[in-house]
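Here is the structure we will look at.
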Amino acid sequence: MSKLDGKFVPLPEGFYEQPTLLLAKSLLGCLLVKETDEGVAAGYIVETEAYIGPDDKAAHSYKNRRTVRTEVMFQRSGLVYSYLMHTHCLFNIVSGGVEKPEAVLIRALEPVYGIELMKERRGIEDLKRLTNGPGNLTKSLGITMEDYGHQLFIPPLYIAKGFSPTSISVGKRIGIDNSEEARDYPWRFWVSNNKYVSRHQKSLYVIT
DNA sequence: CCCAAGATCCACT
DNA sequence: GTGGATCTTGGGA
């Protein structure tokens with residue numbers, strides 16, 4: 001991984017200008033980094049989901065639904081779409097381009113850097129549970145609603161080069177059982193056999 | 001203003 | 001596998 005002054009090098013804006021399903025797969029293995037006054041925390045992305053409004057019933061932007069919350073999804077690719085779910089903040093990357101409200105939800109990381117800080121923020125010691133879910137990883141990295149709309153190609157919140165997965169598993173998205181036919185779309189991607197993935201699920205197929 | 005729903009997590013059985 | 005915690009958002013009155 002490339003490092004500069006103890007920090008990492010953000011991927012350029014152009015990285016985010018690829019079709020959402022490709023981006024969701026390209027993000028696997030990349031390093032998600034958050035720098036704060038408390039320190040730097042980072043982890044490899046090991047699980048993602050694609051949300052492709054306006055035709056995706058599971059997406060907040062279904063039917064081009066444009067509200068205060070979803071506004072950033074209509075902006076340019078590479079911005080942060082964060083939102084609150086119960087007591088948790090969930091982190092998404094805007095994709096699709098201007099007026100195409102699509103996004104990739106980051107569902108799990110493999111802890112890499114700043115692990116002690118993550119343990120403090122989470123109040124637990126178990127490495128496996130630090131970032132194994134969309135609500136857990138934002139808490140470990142210190143990602144909040146203040147990051148809404150941030151440009152991911154510049155600090156303090158950005159994505160850097162990581163590793164290239166040898167195998168990617170594909171399955172149905174999690175937690176959208178009320179979204180009718182959209183529940184079956186094969187738009188969940190994870191690094192095969194990675195132990196930090198949020199849930200075990202039978203893969204529909206594997207990409208090698 | 002009121003209220004229902006939710007891209008979750010954890011403890012418990 | 002199930003249920004409760006907990007609170008914001010958005011739609012409707």
Side-chain angles (χ1 to χ4, degrees), chain A residues 16 20-21 23-25 27-28 32 43 45-75 77 79-96 100-111 118-150 152 157 169-191 195-204:
Chain A
Y16 302 95
T20 299
L21 290 175
L23 180 63
K25 286 177 273 194
L27 283 164
L28 293 175
L32 177 61
I45 295 169
V46 297
E47 180 182 349
T48 61
E49 282 181 359
Y51 286 85
I52 308 181
D55 299 319
D56 177 5
K57 284 186 180 172
H60 294 156
S61 54
Y62 178 53
K63 288 186 175 170
N64 280 316
R65 196 163 178 259
R66 193 163 186 156
T67 65
V68 171
R69 182 172 72 155
T70 63
E71 177 57 33
V72 76
M73 291 185 75
F74 292 82
Q75 307 303 321
S77 301
L79 302 189
V80 174
Y81 171 39
S82 51
Y83 70 93
L84 295 168
M85 177 57 171
H86 294 266
T87 55
H88 308 281
C89 178
L90 273 63
F91 170 74
N92 299 254
I93 297 168
V94 173
S95 60
K100 304 283 186 195
E102 307 179 6
V104 177
L105 170 68
I106 306 302
R107 288 194 55 91
L109 305 177
E110 176 175 333
M118 294 190 204
K119 287 178 175 175
E120 263 177 57
R121 285 171 169 158
R122 293 274 286 118
I124 61 173
E125 287 293 315
D126 185 2
L127 195 62
K128 265 191 70 173
R129 292 177 48 209
L130 285 179
T131 52
N132 65 335
N136 290 340
L137 72 91
T138 54
K139 189 168 181 187
S140 282
L141 264 58
I143 295 171
T144 68
M145 287 307 292
E146 305 227 325
D147 294 305
Y148 182 95
H150 172 74
L152 272 170
L157 175 58
S169 297
V170 183
K172 299 177 183 181
R173 294 173 293 177
I174 303 291
I176 56 161
D177 287 344
N178 293 330
S179 300
E180 301 173 43
E181 76 274 8
R183 94 185 79 175
D184 295 324
Y185 297 170
W187 290 352
R188 176 181 182 230
F189 308 94
W190 66 94
V191 174
K195 67 178 182 178
Y196 298 97
V197 163
S198 68
R199 293 210 213 178
H200 289 294
Q201 176 196 45
K202 192 196 291 187
S203 60
L204 298 169

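The chains referred to below are lettered A, B, ... by the order of the sequence lines, with proteins before strands, and numbering in each begins at 1.
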Given [options], which nucleotide is nearest the side-chain atoms of [X]?
| X | options | value |
| --- | --- | --- |
| A:P134 | B:dA7, B:dC9, C:dG11 | B:dC9 |
| A:L90 | C:dG10, B:dA7, B:dC10 | B:dA7 |
| A:R69 | C:dG10, C:dT6, B:dC9 | C:dG10 |
| A:L84 | B:dC9, C:dT8, B:dG6 | C:dT8 |
| A:H86 | B:dA7, C:dG11, C:dT6 | C:dT6 |

May I have the step-by-step check of side-chain contact (heavy atoms from CB on, under 4.5 Å) for A:W190 and A:S198, ending in yes or no?
-> CA-CA 10 Å; A:W190 66 94; A:S198 68; over 6 Å; no
Quickly work out the [X] [atom1] to [N] [atom2] distance and round it to whole Å.
| X | N | atom1 | atom2 | value |
| --- | --- | --- | --- | --- |
| A:L130 | B:dC9 | CG | C1' | 14 Å |
| A:D126 | B:dC9 | CG | P | 15 Å |
| A:Y62 | B:dA7 | OH | C1' | 16 Å |
| A:M85 | C:dG4 | CE | C1' | 14 Å |
| A:I174 | C:dG1 | CD1 | P | 12 Å |
| A:K139 | B:dC9 | NZ | P | 11 Å |
| A:M73 | C:dT9 | CE | C1' | 15 Å |

### Query
Using a cut-off of less than 4.0 Å, is there contact between a side-chain N or O of A:T67 and OP1 or OP2 of C:dG10?
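Answer is yes, contact under 4.0 Å.
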Handout entry: Watson-Crick or G-U wobble mate for C:dA5, both contacts under 3.5 Å
Key =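 Check on C:dA5: paired to B:dT8, both distances under 3.5 Å.
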In Watson-Crick or G-U wobble terms, with both distances under 3.5 Å, the base opposite B:dC3 is C:dG10
With centres under 5.5 Å and planes under 30° as the test, does A:H88 stack with B:dT8? no
Exercise for review: Select base, sugar-phosphate, or nothing to describe what A:R199 touches, counting heavy atoms under 4.0 Å on all strands.
Suggested key: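 Nothing, no heavy atom under 4.0 Å.
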Q | Derivation of the side-chain contact (heavy atoms from CB on, under 4.5 Å) call for A:V94 and A:Q75 | A | CA-CA 8 Å; A:V94 173; A:Q75 307 303 321; 5.5 Å; no
- Nearest heavy-atom pair of A:D56 and A:Y51: which atoms, and what distance?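 Looks like OD2-CA, 3.5 Å.
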Let's go through A:R173 and A:E49 carefully: what are the C-alpha distance in whole Å and the side-chain angles of both, what is the deciding distance for salt bridge (Lys or Arg N to Asp or Glu O under 4.0 Å) to 0.1 Å, and is it a yes or a no? CA-CA 7 Å; A:R173 294 173 293 177; A:E49 282 181 359; 5.5 Å; no
Note to self: Go through it in stages, so that I can follow the logic: the residues are A:M145 and A:L84, the test is side-chain contact (heavy atoms from CB on, under 4.5 Å), and I'd like the CA-CA distance, side-chain angles, deciding distance and then a yes or no.
What the structure shows: CA-CA 8 Å; A:M145 287 307 292; A:L84 295 168; 3.8 Å; yes
Between A:R129 and A:I176, the residue closer to the 5' end of DNA chain B by nearest nucleotide is A:I176
